[in-house]
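Here the structure comes first, spelled out in structure tokens, and everything after it is commentary.
Since the model is a prediction, treat every value here as computed from it, not as a measurement. Proteins get letters first, then strands, A, B, ... in listed order; numbering begins at 1 in each.
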There are 2 protein chains.
Amino acid sequence: MPRAGLDPAAVVAAGAALADEVGFAALSMGQLAERVGVRTPSLYKHVVNQEDLNRRIAALALAEAADAVGAATQGRAGRDALAAAARAFRDFVLTHPGRYAATIGVEPTGPDDPIAVSGSRLLVAFTAVLRGYDLAPHDLDHALRALRSSFHGFATLQSAHGFQWSADVDDSFEWLIDLVDRGLRTTASRQTGRRPGPDRAAAAPGAGGHGARARTPLA
Amino acid sequence: MPRAGLDPAAVVAAGAALADEVGFAALSMGQLAERVGVRTPSLYKHVVNQEDLNRRIAALALAEAADAVGAATQGRAGRDALAAAARAFRDFVLTHPGRYAATIGVEPTGPDDPIAVSGSRLLVAFTAVLRGYDLAPHDLDHALRALRSSFHGFATLQSAHGFQWSADVDDSFEWLIDLVDRGLRTTASRQTGRRPGPDRAAAAPGAGGHGARARTPLA
DNA sequence: AGCTCAAAGCTACTGTTGTTAGCCATGGCC
DNA sequence: GGCCATGGCTAACAACAGTAGCTTTGAGCT
């Protein structure tokens, strides 16, 4: 019985590919073992357990997404850069739905966690897009979150077949890009201070109480 | 041994509550059975299997979300309606993360599936918001998808602790609402035809081989 | 060449979870 | 008071994640 010549990177790459095929939720150690030509327990020589595998797949996906978005924005600015970044991001999610799903809900264990490093790189790639707009410095974080929310939301909904009525999905995505572009271009001189409104307190019951403030300084 | 007096609705409600507490991925039949005071196999007298339970939880969540968003927009218009709908939606997702997660990825089996019915109601609630903006009729679907993507993306990312750096998350959400509002207000006379760009094809490497292509006509 | 030994594979096993089969008690209804 | 659909139960199976402990490989050293 010859050795399979595996190493952690090969296992993770195969796991990511398998997740893309069968869906992240359906990824199992048994299937992965069969895929790489080995019995299930042998996988544990390369990854500590399934959660570790998931985290490594997530780190890989974030790094690849950062590369794709970063490459797409090279030499572009303004709306061109925004559209290129958005399309590159969505294309990545649609062609690699399983590994991207692995990134949802993972939390880096610290600033040196590959998940944090690659996640930061992805954010930096999106930040480059914002340089083409005339934003006040204290609006950058908000704009970054808005970008990420919009494109993440669209890509994951489409990936999950969430758009089931008739209008063309690609047209809708271009429309979203335009919406964000117009919103960002009309932002410049705005004040972002929270306006005092009576319904703010009423609308935020604060049931959760899990404030995400001040965790790891990612950006 | 007295009867527990269960019925499908009670099982689903308990399952939704449990999912909110422990997370949708960690929802198990055993835990749910213990929660409702019954042995695991007895649950199968009320739901056909776990997937059926998930679908029923999803339908419940969509109905509740539709109610919340619909109620929030009553008597409001324009930016007020948009902000109220957005806050109601995010509050629902944050206070009921487990049951909302159940809605991601479910596909209705047909137009009479409760998932489709409640999903449509939620979309109708968001459509009411769009009446306050001066949109061309053929932009309505695109605008609806943009709304849903943005708020869904923000709420799910926040629910998954996806925002880990320092800026205040509530401020970011208000900022997103403003961004969408400005984008919608400047939409009125735009053309939505896709502009031809050379990078559309180049940005899709198709590495996976199980392409998402041809689901919707790409060109 | 032959030895060494850590790394990488294996079989056998445990505990957990979803699910089915088949049995028995409950309690509303005539 | 008896009927019987309903809802509960125990016992079992299959799939899965993970552990223990053994064997084999093969690269590096003498």
Side-chain angles (χ1 to χ4, degrees), chain A residues 1-60 98-99 101-107 109, chain B residues 1-60 98-99 101-107 109:
Chain A
M1 47 214 73
R3 298 237 169 157
L6 287 182
D7 60 13
V11 170
V12 171
L18 183 57
D20 289 339
E21 291 176 32
V22 304
F24 177 67
L27 178 61
S28 74
M29 300 298 275
Q31 252 186 305
L32 177 55
E34 189 179 12
R35 175 70 63 99
V36 299
V38 111
R39 302 290 185 147
T40 306
S42 303
L43 292 179
Y44 293 85
K45 299 287 181 174
H46 305 290
V47 295
V48 1
N49 54 22
Q50 197 171 30
E51 192 204 329
D52 178 49
L53 173 68
N54 294 349
R55 297 179 67 85
R56 289 172 189 249
I57 291 175
L60 173 67
R99 70 189 69 187
T103 68
I104 302 174
V106 291
E107 296 186 53
T109 59
Chain B
M1 45 216 74
R3 298 237 169 157
L6 287 182
D7 60 13
V11 171
V12 170
L18 183 57
D20 289 339
E21 290 175 33
V22 304
F24 176 67
L27 177 62
S28 75
M29 300 297 276
Q31 251 185 305
L32 176 56
E34 188 178 14
R35 174 70 64 100
V36 300
V38 111
R39 302 290 185 149
T40 306
S42 303
L43 293 179
Y44 292 84
K45 299 285 183 176
H46 305 290
V47 295
V48 358
N49 54 22
Q50 197 172 31
E51 191 204 329
D52 178 49
L53 173 69
N54 295 349
R55 297 180 66 84
R56 288 172 189 250
I57 291 175
L60 173 68
R99 68 188 72 186
T103 67
I104 302 173
V106 292
E107 296 186 54
T109 59

Nearest whole Å is fine: how far is [N] [atom2] from [X] [atom1]?
{"X": "A:Asn54", "N": "D:dA17", "atom1": "CG", "atom2": "C1'", "value": "12 Å"}
{"X": "B:Leu6", "N": "C:dT26", "atom1": "CG", "atom2": "P", "value": "17 Å"}
{"X": "A:Arg39", "N": "D:dT24", "atom1": "CZ", "atom2": "C1'", "value": "16 Å"}
{"X": "A:Asp52", "N": "D:dA17", "atom1": "CG", "atom2": "C1'", "value": "14 Å"}
{"X": "A:Asp7", "N": "D:dA27", "atom1": "CG", "atom2": "P", "value": "15 Å"}

Less than 4.0 angstrom between a side-chain N/O of A:Ser42 and OP1 or OP2 of C:dA8, yes or no?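 No, no such contact exists.
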Would one find a side-chain N or O of A:His46 under 4.0 angstrom from OP1 or OP2 of C:dG9?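 Checking A:His46 against C:dG9: at least one side-chain N or O falls below 4.0 Å of OP1 or OP2.
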Answer yes or no: are there more than 12 heavy-atom neighbours, outside B:Glu21 itself, under 6.0 Å from its atom CD?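 Counting other residues, nucleotides and ligands, CD of B:Glu21 exceeds 12 neighbours.
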Heavy-atom count check: over 12 atoms from other residues, nucleotides or ligands less than 6.0 Å from B:Glu34 CD?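 No, because the 6.0 Å sphere around CD of B:Glu34 holds 12 heavy atoms or fewer from other groups.
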Carefully, step by step, assess A:Val47 and A:Met29 under the rule side-chain contact (heavy atoms from CB on, under 4.5 Å). CA-CA 11 Å; A:Val47 295; A:Met29 300 298 275; 4.2 Å; yes
Hey, are the side chains of [X] and [Y] touching, using non-hydrogen atoms and a 4.5 Å cut-off?
{"X": "A:Arg56", "Y": "A:Leu60", "answer": "no"}
{"X": "A:Gln50", "Y": "A:Asn54", "answer": "yes"}
{"X": "B:Leu53", "Y": "B:Leu32", "answer": "yes"}

Extract from the structure each pairing of a protein N or O with an N or O of nucleotides 18-21 of chain D at less than 3.5 Å, listing the distance.
residue, atom, partner, partner atom, Å
D:dG18, OP2, A:Tyr44, OH, 3.2
D:dG18, OP2, A:Gln50, N, 2.8

